[in-house]
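Report on the following structure.
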Amino acid sequence: MNELSSRYNPAETEDKLYKFCQDNNLFSAKPDPTKKPFSIVIPPPNVTGILHMGHALNNTIQDILIRYHRMKGEESLWMPGTDHAGIATQNVVEKSIAKEGLKRQDLGRDKFIERVWAWREQYGSTIIHQLKKLGASCDWPRTRFTMDEEYSKAVMEVFVRLYEKGLIYQGNYIINWCPRCQTALSDEEAPHRELNGNLYYLKYPLKSEPDNFVVVATTRPETMLGDTAVAVNPKDKRYKNLVGKTLILPLANREIKIIADAMVDMKFGTGAVKVTPAHDPNDYALGKKHHLDFINVMYPDGRMNESAGDYKDMDRFEAREVILEDLKEKGLLEKIEPHQLSAGHCYRCHTIIEPYLSKQWFVKMKPLAGPAIEAVKKGKIKFYPKRWTKVYLNWMEDIQDWCISRQIWWGHRIPVYYCKNCKDKGVIVSKVKPDKCPVCGATDIYQDEDVLDTWFSSWLWPFATFGWPEKSDDLKYFYPTSTLVTAPEIIFFWVARMIMAGLEFMHEIPFSDVYIHGTVRDIEGKKMSKSLGNVIDPLDIIKEYGTDALRFSLISITAQGQDVFLNKERFEQGRNFANKIWNASRFILMNLDPAYIKTDLCVFFKKEDLDIVNRWILSRFYSVLKEVNKDLDTYKFNEAANTLYTFFWHEFCDWYLEMIKPDIKNPHNQVVMYKVLEKSLRMLHPFMPFITDEIWQRLESKQESIMVAPWPHIQEELIDKKTEHKMSSLLGIVTAIRKMRLELDIPLQTEVAVIVSSSNKEIRELIEGLSEQVKNLAKLNSLEIKTKYTHIKSSFTVIMKDMHLTIPLAGLLDVEKEKEKIQARIHQAEGEIKAKEKMLGNKEFLKKAPLEVVEKEKARLLELGDILKRLEAIKNELQ
RNA sequence: GGGCUCAUAGCUCAGUUGGUUAGAGCGUUGCGUUGACAUCGCAAAGGUCAGAGGUUCAAGUCCUCUUGGGCCCACCA
């Protein structure tokens, strides 16, 4: 057996142990019919990604689940991979070639794509390396990439199937257009943000009476050049006799009509709204309804186009200023009011998006959403915490069609082909490029320029990673996966769509549980982001405190579904805990006779032979195990972590080890301290994989990782709540004695005897029986407890040598007040007993409630009886 | 406009279908380093559980309202 060095060194051990596990294939999983499968697919990070705290939290949670289930004997697979992240990656590579003075257009499509692949080759596994530093026990040889050849096949397959089912169509719509990225964005990719803008009031003269005007209000005056009508509410008396009349659109000098539509809000602005069907979604709808012209006044890059006349080639915002100047000059600008407005922003580059009319590909979502709503409503898929269910359902029930085409180069190219010969007459949708046109037979065939939205590949992740559409063994065994662990911001992007895809293509849900964790924020509640400069880099924390410290601290503050507020100091807790584990283990190793290692706990002793201290710690251990199991099964990671923390540090180290110190060579103590340590290590392992493994491998003196050790079994017979209760009273007494010693300023070596008398024989005996050990407690060396104990903890009689002293510990005891308190407690206990009796007498309850709950209630009832008796004894004593 | 969420110690937060004396970490203060651990130990101070009302034998926990934060969704030009 090796001795442990005086201080744990994370840097040294982490890489060594991770390599050990990888070399021994401990992370790999394959179908095994004798075992229950447990699988998680990683939310694939962007290839451009670098590890941030969000990843650290997300992946630590997954790793805990995987390691826990693996130890429980389930065939546990954590499927890793990365996402090609269309726009993000293209942006990165564009930036990199810009250093050579190149634009992607200079290279051309094929050459540019080559550069992207080259970039991916070089930097694409950064995030993977970083996940390994985190201790993630993924089955790395399986690593998938959404642009892999095999994966791409699945994407094509899906497109074709949906098209053939009539669920994919092409159409002209107002979409969110990013003029910088020059691509369409889905609604989810264009979040609205508040802006301080202006509301401009423009005067449009009437054709028949050029001195009369209709005033319209707009936030985007540059779009006026594309106006093809002005709309008013038919109920609006102000405009009633103007409907149908013609206006002259200033600057453009075009004639436009005044139309009436109920969509117009009379209260907003002037009640008259300019209609620009090509540049606004509402106006587009009006345009369709009233058969207006669609005049597009912008180039895709946001500059004004030839329809804008004199303003051609100006940037949209520049044009706005010039147009306002010109209108002002003509006296057609009535006023400008400051106005709070919200506008969509590109989620990648934060440019204000332009609602833009263009031809795009869409997926009809309603038919896909139906089954996905059902699955959640019927409870086949459960969200943790529950409240996300509602968010999900709200969105699904009002789902809009999904714009899936993007005008970028990096991504899955849309499998749609056109024949040059019979142009526009039809499209050919095919997984592979056809040799000739099926209509005219011509061979001059070209592919649609657009690529698919990145999410169009990631929504297939839970089955495409297993080789779908092939019916692989992996797919059969590991699908549906068990739990999805992700952040709330991608419920719509990803989670909902995966559910739809799973049900559509696999005819089965993709996962049964969805655990949504909080967002990692800084201590001021701001989202951590590079631009704010408030980032705490997990890799820095790993360097400074160790991976285990990072993981433990993160988990211990992650209450289910709450956002995580972080500052660096939080990680000290994890580091200190690691240190504690290390030192306790070191102490035990120093004092352990190796002969006891192999001893079977149950064979070695009878429970009745153990003293209360050992009985207590064993009972506590198994109670903790039970709690941790429950917490992990219900995704309460912080509670599991904190339960373990408190048990290990404040019960096992602070009390148990201190109490057995004087008699540490006693075989009972030897076996129990060793067993509790080694089982605790196993339980701590999912949270702190490295330090537990390092200690374990030395404890057991064998070349085997703790990760393949079984998760401890609960031994119900060793759980003894009564003993736990007794012990906690006892510890309370000892604590009180310590306090008393301080207050009396009794030097450590003074002989003190506390006389304890009690009507509770059991406790008295307990204290007497324990006195040997209590006597030996650290800093209580010469304390001997003899007899007197009263129920009232705050008062003790102390004998110093032969001098009797009665000392109220916490100030003088107010008997009247104390009586009142006791009476209140009695009242409360009686009330509770009544309620419990009623509950246990209720047949409905007994029928419905799980056995466990009933047992718990019964135990509580018994306990209450004891409490009541005790309270009454105290009451009598006070009289 | 609709929905969600939060308010508990100086700070950051736990608190499991209502039930024993409301907890932790950090910070503050005092005492303690003779072989596990100063990345430590023992203790102290610090709470009208945001406010008001209600249900109950019993409310931090359930209901209503008020106040003040945060987040998401939505077609206010």
Side-chain angles (χ1 to χ4, degrees), chain A residues 4 6-8 174 187 191-192 199 216-220 223 231 263-265 267-270 272-276 280-285 339 341-342 355 387-388 390-391 394-395 398 488-489 491-492 519 521 523 525 527 545 549 553 556-557 559-567 569-570 572-591 627 630-631 634 636 638-639 642 645-646 650 653-654 657-658 661 725 732 735 738-739 741-743 748 778-780 793 821 824-825 827-836 849 853 860 863-864 867 870-871:
Chain A
L4 300 182
S6 66
R7 184 155 295 181
Y8 173 58
I174 295 273
D187 288 342
H192 280 63
L199 196 55
V216 296
T218 178
T219 54
R220 294 185 298 148
T223 60
M263 233 174 100
V264 178
D265 180 358
K267 288 184 208 106
F268 190 89
T270 59
V273 55
K274 64 194 252 335
V275 183
T276 325
D280 183 276
N282 288 318
D283 295 3
Y284 178 81
H339 180 68
L341 61 116
S342 78
R387 71 182 130 91
W388 295 110
K390 213 171 156 185
V391 176
N394 281 346
W395 186 73
D398 189 33
E489 56 262 32
I491 291 179
F492 307 139
T519 308
R521 298 171 185 281
I523 210 73
K527 226 168 163 169
Y545 300 107
S553 287
S556 72
I557 57 176
Q560 196 178 57
Q562 281 321 119
D563 285 354
V564 179
F565 292 77
L566 267 188
N567 59 11
E569 287 68 45
R570 300 225 69 134
E572 285 173 16
Q573 186 191 358
R575 177 200 56 183
N576 295 355
F577 187 42
N579 179 251
K580 195 70 189 179
I581 295 170
W582 184 259
N583 276 303
S585 307
R586 183 164 163 244
F587 171 72
I588 289 170
L589 272 175
M590 284 165 70
N591 290 287
E627 260 179 74
K630 197 177 141 209
D631 290 341
T634 51
K636 294 185 175 164
N638 67 320
E639 291 185 29
N642 291 330
Y645 176 90
T646 307
H650 298 305
C653 293
D654 288 353
L657 290 181
E658 292 300 332
K661 251 180 194 172
H725 200 82
T735 304
R738 283 182 188 169
K739 267 189 216 171
R741 191 188 55 74
L742 275 175
E743 279 179 24
L748 273 177
K779 293 154 198 161
L780 270 176
K793 250 195 252 159
K821 262 159 94 183
R825 280 288 302 121
H827 186 67
Q828 202 183 338
E830 282 170 349
E832 195 178 344
I833 286 172
K834 238 161 86 188
K836 295 271 184 262
V853 174
R860 175 75 183 146
E863 203 184 335
L864 280 166
I867 290 171
R870 226 166 67 212
L871 286 167

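Predicted model, so just to flag it, every value in this text is computed and none were measured. Lettering of chains follows the sequences in order, A, B, ..., and the numbering in each one begins at 1.
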**Request:** Go ahead and name the base partner of B:C4; Watson-Crick or wobble counts if both distances stay under 3.5 Å, otherwise write none.
**Result:**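 The answer is B:G70, by the H-bond criterion.
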**B:U20: pairing nucleotide in any strand, Watson-Crick or G-U under 3.5 angstrom** =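 Looking at the geometry, B:U20 pairs with no nucleotide.
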Quick one: pull up [atom1] in [X] and [atom2] in [Y] and give me the separation to the nearest 0.5 Å.
{"X": "A:I833", "Y": "A:Q828", "atom1": "CD1", "atom2": "CD", "value": "11.0 Å"}
{"X": "A:I581", "Y": "A:C653", "atom1": "CD1", "atom2": "SG", "value": "8.5 Å"}
{"X": "A:N394", "Y": "A:D398", "atom1": "CG", "atom2": "CG", "value": "9.0 Å"}

[N] and [M]: how far apart are their [atom1] atoms, nearest whole angstrom?
{"N": "B:G23", "M": "B:G60", "atom1": "P", "value": "13 Å"}
{"N": "B:G1", "M": "B:G15", "atom1": "P", "value": "32 Å"}
{"N": "B:U34", "M": "B:U29", "atom1": "P", "value": "23 Å"}
{"N": "B:G70", "M": "B:G25", "atom1": "C1'", "value": "24 Å"}
{"N": "B:U48", "M": "B:U61", "atom1": "P", "value": "15 Å"}
{"N": "B:C49", "M": "B:A9", "atom1": "C1'", "value": "11 Å"}
{"N": "B:C73", "M": "B:G53", "atom1": "P", "value": "38 Å"}
{"N": "B:G18", "M": "B:A59", "atom1": "P", "value": "13 Å"}

**Prompt:** Should the pair A:Y8 and A:W582 be assigned to parallel (<30°), tilted (30 to 60°) or perpendicular (>60°) ring geometry?
**Reply:**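 Tilted.
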**Request:** For A:K630 and for A:H827, find the nucleotide of RNA chain B with the closest heavy atom, then tell me which residue's nucleotide is more 5'.
**Result:**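 Result: A:K630.
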**Prompt:** Relative to the 5' end of RNA chain B, which residue comes earlier, A:E627 or A:I588, by the nucleotide with the nearest heavy atom?
**Reply:**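 With A:E627 and A:I588 compared, the 5'-side residue is A:E627.
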Over how many whole Å does the gap from [X] atom [atom1] to [N] atom [atom2] extend?
{"X": "A:I581", "N": "B:C40", "atom1": "CD1", "atom2": "C1'", "result": "15 Å"}
{"X": "A:W395", "N": "B:A74", "atom1": "CH2", "atom2": "C1'", "result": "14 Å"}
{"X": "A:F577", "N": "B:C40", "atom1": "CZ", "atom2": "C1'", "result": "15 Å"}
{"X": "A:D654", "N": "B:A24", "atom1": "CG", "atom2": "P", "result": "12 Å"}
{"X": "A:L864", "N": "B:G19", "atom1": "CG", "atom2": "P", "result": "12 Å"}
{"X": "A:K836", "N": "B:U20", "atom1": "NZ", "atom2": "C1'", "result": "12 Å"}
{"X": "A:Y645", "N": "B:A14", "atom1": "OH", "atom2": "P", "result": "17 Å"}
{"X": "A:K390", "N": "B:C73", "atom1": "NZ", "atom2": "C1'", "result": "13 Å"}

Which nucleotide wins on minimum distance to the side chain of [X], given the candidates [options]?
{"X": "A:N583", "options": "B:C37, B:U12, B:G19", "value": "B:C37"}
{"X": "A:A835", "options": "B:C57, B:C26, B:U12", "value": "B:C57"}
{"X": "A:R387", "options": "B:U5, B:A77, B:A36", "value": "B:U5"}

**Salt-bridge contact A:D283-A:K274 (side-chain N to carboxylate O under 4.0 Å)** =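 A salt bridge is absent here (no side-chain N lies under 4.0 Å from a carboxylate O).
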**Distance-only donor-acceptor test, A:K580 side-chain atoms vs B:C37 base atoms, 3.5 Å** =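 Flag set: donor-acceptor pair detected.
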**Request:** Could you check whether A:V275 gets within reach of a base, just the sugar-phosphate, or nothing at all, counting any heavy atom under 4.0 Å?
**Result:**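 No contact.
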**Request:** Give A:V273 one of three labels, base, sugar-phosphate or nothing, depending on what nucleic acid heavy atoms sit under 4.0 Å from its own.
**Result:**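 Base: the residue A:V273, judged by heavy atoms under 4.0 Å, touches a nucleobase.
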